[in-house]
Enquirer: 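Just dropping this structure here.
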Amino acid sequence: MRLGGVPFNLDVTLCCGQVFRWDKVGDWWYGVVGDCVFKIRRFDDELEFVKSDAELVRHYFGLDDDLHRISSIIGRDAQIKKALQRFWGLRIIRQDPWECLISYICATYKNIPAIKYMLDNLSRKFGQKVVFDGLEFFTFPEPAKLARASVSSLAECGLGYRAKYVFETSKRIFEGSFELEPLRQLPYEQAKKELYTLPGVGFKVADCVLLFSLGKLEAFPVDVWVKRVLLNHYAGKLPKELVKKISKPEGLSNVEYRLLNEFGRNYFGEYAGYAQEYLYHSERVHG
DNA sequence: CGTGGGCCTGTCTA
DNA sequence: ATAGACAGGCCCA
């Protein structure tokens, strides 16, 4: 598929920590999307892939998001402009909401390698094996599989205290007492409120699920890295009291989270989520 | 309604 | 090598 000048940086998009189940073998990226293995690489202006059609690829990687327009809207200061330039072509992937939800419930209080480890274990144990190119892949387990698993078998995947959250949330999804897809139709605030009712889902997890899988590009997840960005580069735009409070090493209180989250959404606007990803990645790579 | 302590366990760092 | 700190927060008192 020719990109025809559409900005897209495959490596940064897959490395920046929004998805956890992609691996690079040689110069090909492999990832399981739904029940099919994607194999994809970038070569000049060409996006080469195997086992998937162009429309699916375009949709999954959000290539129809107008990055130039987004950039002109969020590019409000030197800091974000620098990040946009450095990682130009970074896209927000449209993940499956179910997989995204479980992934970010697992992600609390863990670093990225550990998150990968947990999700890999879950998929090996409860997903379906798919062999492709002589390599083994596993689909992400269906809600039914996790809802019928025991908490201890989930914990064996390295989930620790998250095992019971994953179990209880899976049960709610499996039983149909909670539906993810309809949240797309709700306004951001309302969808977020619904997500809070799930065990293991707080402010941060809800924002990640909304941004990475439910199309709410105005969501602005605040984690320790985003807190650092705001502290290091946006302190002048924040209330002094708030800056003082978040300067302490501990995590954010609910109030502090909400204030930083609102700042991001008000300041960057309808595509605040894109700003968050560029700033987040920039802070992680360069400090 | 706001706040603080506890938490499973895999990496990272010294 | 091996212990101790830290990790993309959330829940409960």
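Note that these values count all heavy atoms, side chains included, but never hydrogens, waters or copies made by symmetry. The chains referred to below are lettered A, B, ... by the order of the sequence lines, with proteins before strands, and numbering in each begins at 1.
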Enquirer: Let's test your reading of the model: under 3.5 Å, does the base of dC8(B) pair with the side chain of R162(A) as donor and acceptor?
Expert: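 Checked by distance alone, the answer is yes.
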
Enquirer: Nearest-Å distance, OH (Y109(A)) to C1' (dA7(C))?
Expert: 7 Å

Enquirer: What is the nucleic acid contact for L154(A), judged by heavy atoms within less than 4.0 Å: base, sugar-phosphate only, or nothing?
Expert: nothing

Enquirer: If the plane angle is over 60° it's perpendicular, under 30° parallel, otherwise tilted; pick one for Y196(A) and F203(A).
Expert: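 Aromatic pair Y196(A)/F203(A) classed tilted.
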
Enquirer: Would you mind reading off the distance between N254(A) atom CG and dG9(C) atom C1', rounded to a whole angstrom?
Expert: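 Answer to the nearest Å: 10 Å.
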
Enquirer: Cation-pi check, R76(A) to Y267(A): give yes when NZ or CZ is under 6.0 Å from the six-membered ring centre and within 45° of the ring axis, no otherwise.
Expert: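 Flagged: R76(A) positioned over aromatic ring of Y267(A).
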
Enquirer: Tell me the interatomic distance from D120(A), atom CG, to dG10(B), atom P, rounded to whole angstroms.
Expert: 14 Å

Enquirer: Looking across every strand, which nucleic acid part, if any, lies under 4.0 Å from P199(A) by heavy atom: base, sugar-phosphate, or nothing?
Expert: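 Here P199(A) touches the backbone only, sparing every base.
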
Enquirer: Take atom CD of E256(A) and atom C1' of dG9(C), then tell me their distance rounded to the nearest Å.
Expert: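 Distance, rounded to whole Å: 13 Å.
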
Enquirer: Rounded to whole Å, how long is the line connecting atom CD1 of I115(A) with atom C1' of dG10(B)?
Expert: 11 Å

Enquirer: Can you tell me the distance, in whole Å, between the CD atom of E156(A) and the P atom of dC8(B)?
Expert: 16 Å

Enquirer: Between T108(A) and N111(A), who's closer to the 5' end of DNA chain B by nearest nucleotide?
Expert: T108(A)

Enquirer: Nearest 0.5 Å please: distance from the OH atom of Y109(A) over to the CZ atom of R162(A).
Expert: 9.5 Å

Enquirer: Whole Å only: how far is the NZ atom of K110(A) from the P atom of dC12(B)?
Expert: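 Value for this atom pair: 12 Å.
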
Enquirer: If you measure from the P atom in dA13(C) to the same atom in dC8(B), how many Å do you get, rounded?
Expert: 14 Å

Enquirer: Applying a 3.5 Å limit to both distances, which nucleotide forms a Watson-Crick or G-U wobble pair with dT11(B)?
Expert: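 With both distances under 3.5 Å, dT11(B) matches dA5(C).
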
Enquirer: Any side-chain to backbone donor/acceptor pair from T169(A) onto P199(A)? Under 3.5 Å, distance only.
Expert: yes

Enquirer: With heavy atoms under 4.0 Å as the rule, sort G251(A) into base, sugar-phosphate or nothing.
Expert: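 Nothing: the residue G251(A), judged by heavy atoms under 4.0 Å, touches no strand.
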
Enquirer: Rounded to whole angstrom units, what separation is found between the CZ atom of R284(A) and the C1' atom of dA7(C)?
Expert: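 In whole Å, dA7(C) C1' and R284(A) CZ are 11 Å from each other.
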
Enquirer: Tell me if a side-chain donor or acceptor on E179(A) pairs with a main-chain N or O of I173(A) at a distance below 3.5 Å.
Expert: no

Enquirer: How would you label the contact of R258(A) with the nucleic acid (heavy atoms, under 4.0 Å): base, sugar-phosphate, or nothing?
Expert: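 No contact.
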
Enquirer: Under 4.0 Å between any heavy atoms, over every strand shown, what does Y165(A) touch: base, sugar-phosphate, or nothing? Just pick one.
Expert: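 Sugar-phosphate contact only - Y165(A) comes under 4.0 Å of backbone atoms but never of a base.
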
Enquirer: Within the structure shown, what part of the strands sits under 4.0 Å from I112(A) by heavy-atom distance: base, sugar-phosphate, or nothing?
Expert: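 Here I112(A) touches the bases of the nucleic acid.
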
